[in-house]
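I have placed the structure first, in the form of structure tokens, so that the comments after it can refer back to it.
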Amino acid sequence: MLTLLLILRLIHIIAAATLVGSVIFNYFLLRPTLKLIPPAHAVVIAQRVGSLFTYTGWTALILLFLSGLLRVYYTGRLWLLVSFDLYAHAPGRALALMLLFWLLTVASSTYMTFALRPKLMKKLAVSSNPTLADVEKRRQDQMTSSARLDRFQLINLITSTLALVAGASVAMGGLF
């Protein structure tokens, strides 16, 4: 049992580091770099790297959920997640904050993946014979979605980092 808990902890730590590292790389390195290259090249790079980050991010979020839930289950404390006793002690409050920030990260990632990303990747149909107004409307939609995506990437950066800090503080006795 102790070996299983150690393996789950290792998976949890690696998934958290991967998620936060990916978000930091994406926000501070990739995003500004894409603004420096021509838009046609930036779109191709963003599509390829964005797909990789989408899969990496969702894999990390799912692994965090499963490994965390299994760790709580195997320690016999699963009932605490639905009890107000969780908030009685500092480590429980830190765990609750970690869960809240994880949920916010999942919510913003869901919006980015299923609402914003498809708008950015939308292409005009080849057979549609688009007018200049169609092209301009699509470009404007993509610019709006891109600006919104930047804001949601910042939200992901903040929430995933706060979840990491709250989760790490559980082992140190909590935040407050």
Side-chain angles (χ1 to χ4, degrees), residues 7-37 39 41-73 78 80-82 86-87 91-123 138-171 174-175:
I7 291 170
L8 288 171
R9 185 176 187 179
L10 184 63
I11 290 170
H12 202 77
I13 290 169
I14 290 171
T18 301
L19 178 66
V20 173
S22 295
V23 170
I24 288 171
F25 175 82
N26 192 21
Y27 190 78
F28 288 113
L29 297 174
L30 182 64
R31 189 182 58 87
T33 304
L34 289 176
K35 292 180 181 181
L36 298 174
I37 60 177
H41 297 294
V43 168
V44 173
I45 292 170
Q47 283 178 340
R48 299 241 170 108
V49 176
S51 295
L52 175 66
F53 276 119
T54 300
Y55 294 130
T56 303
W58 279 109
T59 301
L61 286 169
I62 291 167
L63 283 174
L64 283 167
F65 175 73
L66 292 176
S67 63
L69 191 64
L70 287 172
R71 287 177 66 207
V72 172
Y73 174 75
L78 191 59
L80 273 175
L81 293 179
V82 293
L86 179 67
Y87 305 108
R93 289 188 293 267
L95 181 66
L97 278 176
M98 181 190 66
L99 287 170
L100 172 68
F101 290 129
W102 178 84
L103 283 171
L104 291 173
T105 303
V106 168
S108 65
S109 296
T110 301
Y111 182 69
M112 285 191 305
T113 302
F114 300 111
L116 293 178
R117 200 160 186 276
K119 281 185 181 181
L120 286 171
M121 301 303 158
K122 185 170 91 174
K123 298 177 184 171
R138 181 187 64 134
R139 189 185 71 75
Q140 188 60 38
D141 285 348
Q142 287 176 328
M143 295 286 285
T144 304
S145 294
S146 180
R148 197 171 289 149
L149 183 66
D150 285 348
R151 286 190 294 272
F152 273 90
Q153 286 175 341
L154 179 60
I155 289 169
N156 261 6
L157 173 68
I158 293 168
T159 57
S160 63
T161 303
L162 289 173
L164 180 74
V165 169
S169 73
V170 170
L175 293 168

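Basis for what follows: all heavy atoms, side chains included, without hydrogens, waters or symmetry-related copies.
- Contact of the M98 side chain with the L95 side chain is registered, since non-hydrogen atoms from C-beta on lie closer than 4.5 Å.
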Would you sort out whether L162 and L97 count as a side chain to side chain contact (heavy atoms under 4.5 Å, CB included), showing the intermediate values?
-> CA-CA 8 Å; L162 289 173; L97 278 176; over 6 Å; no
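- Under the side-chain hydrogen bond (donor to acceptor under 3.5 Å, both in side chains) criterion, T59 pairs with no residue, sequence neighbours left out.
- A pairwise comparison of heavy atoms in S109 and N156 identifies OG-ND2, 3.1 Å as the closest pair.
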Go through T144 and R148 one step at a time and tell me if the side chain to side chain contact (heavy atoms under 4.5 Å, CB included) criterion holds.
-> CA-CA 6 Å; T144 304; R148 197 171 289 149; 4.0 Å; yes
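- With a 4.5 Å cut-off on side-chain heavy atoms, H12 and R71 count as touching.
- Shown here are the side chain to side chain contact (heavy atoms under 4.5 Å, CB included) partners of I11, two or more places apart in sequence or in another chain: I7, L63, S67.
- For the pair L29 and I24, the minimum side-chain heavy-atom distance is 4.5 Å or more.
- Between the side chains of S51 and R117, at least one donor N or O lies within less than 3.5 Å of an accepting N or O.
- Once rounded to the nearest 0.5 Å, the distance linking CG of L19 with OG1 of T56 reads 10.0 Å.
- At a cut-off of 3.5 Å, with distance as the only test, a side-chain donor of T113 or W58 sits close to an acceptor on the other residue.
- With a 4.5 Å cut-off on side-chain heavy atoms, V23 and F28 do not count as touching.
- Counting only heavy atoms from C-beta outward, the side chains of L80 and V72 never approach each other to under 4.5 Å.
- Partners of F152 according to the ring pair (Phe, Tyr, Trp, His ring centres under 6.0 Å) rule, which considers only residues two or more places apart in sequence or in another chain, are Y111.
- Side-chain contact check for R93 versus L86: every heavy-atom pair is 4.5 Å or farther apart.
- With sequence neighbours left out, I14 forms a side chain to side chain contact (heavy atoms under 4.5 Å, CB included) with L10, T18.
- Not a single ring pair (Phe, Tyr, Trp, His ring centres under 6.0 Å) links Y73 to another residue, sequence neighbours left out.
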Report the C-alpha separation of L81 and L69 in whole Å, then their side-chain angles, then the decisive distance to 0.1 Å, and conclude whether the side chain to side chain contact (heavy atoms under 4.5 Å, CB included) test is met.
-> CA-CA 10 Å; L81 293 179; L69 191 64; 4.1 Å; yes
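- With R31 contributing its side chain and N26 its backbone, the two residues share no donor-acceptor pair below 3.5 Å.
- Within the 4.5 Å cutoff, the side chain of K35 has heavy atoms near those of the D150 side chain.
- Counting only heavy atoms from C-beta outward, the side chains of F101 and I158 never approach each other to under 4.5 Å.
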How far apart are the C-alpha atoms of L104 and I155, what are their side-chain angles, what is the distance that settles it, and do they pass the side chain to side chain contact (heavy atoms under 4.5 Å, CB included) test?
-> CA-CA 9 Å; L104 291 173; I155 289 169; 5.9 Å; no
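- Residues satisfying the side-chain hydrogen bond (donor to acceptor under 3.5 Å, both in side chains) test with S169, not counting sequence neighbours, are none.
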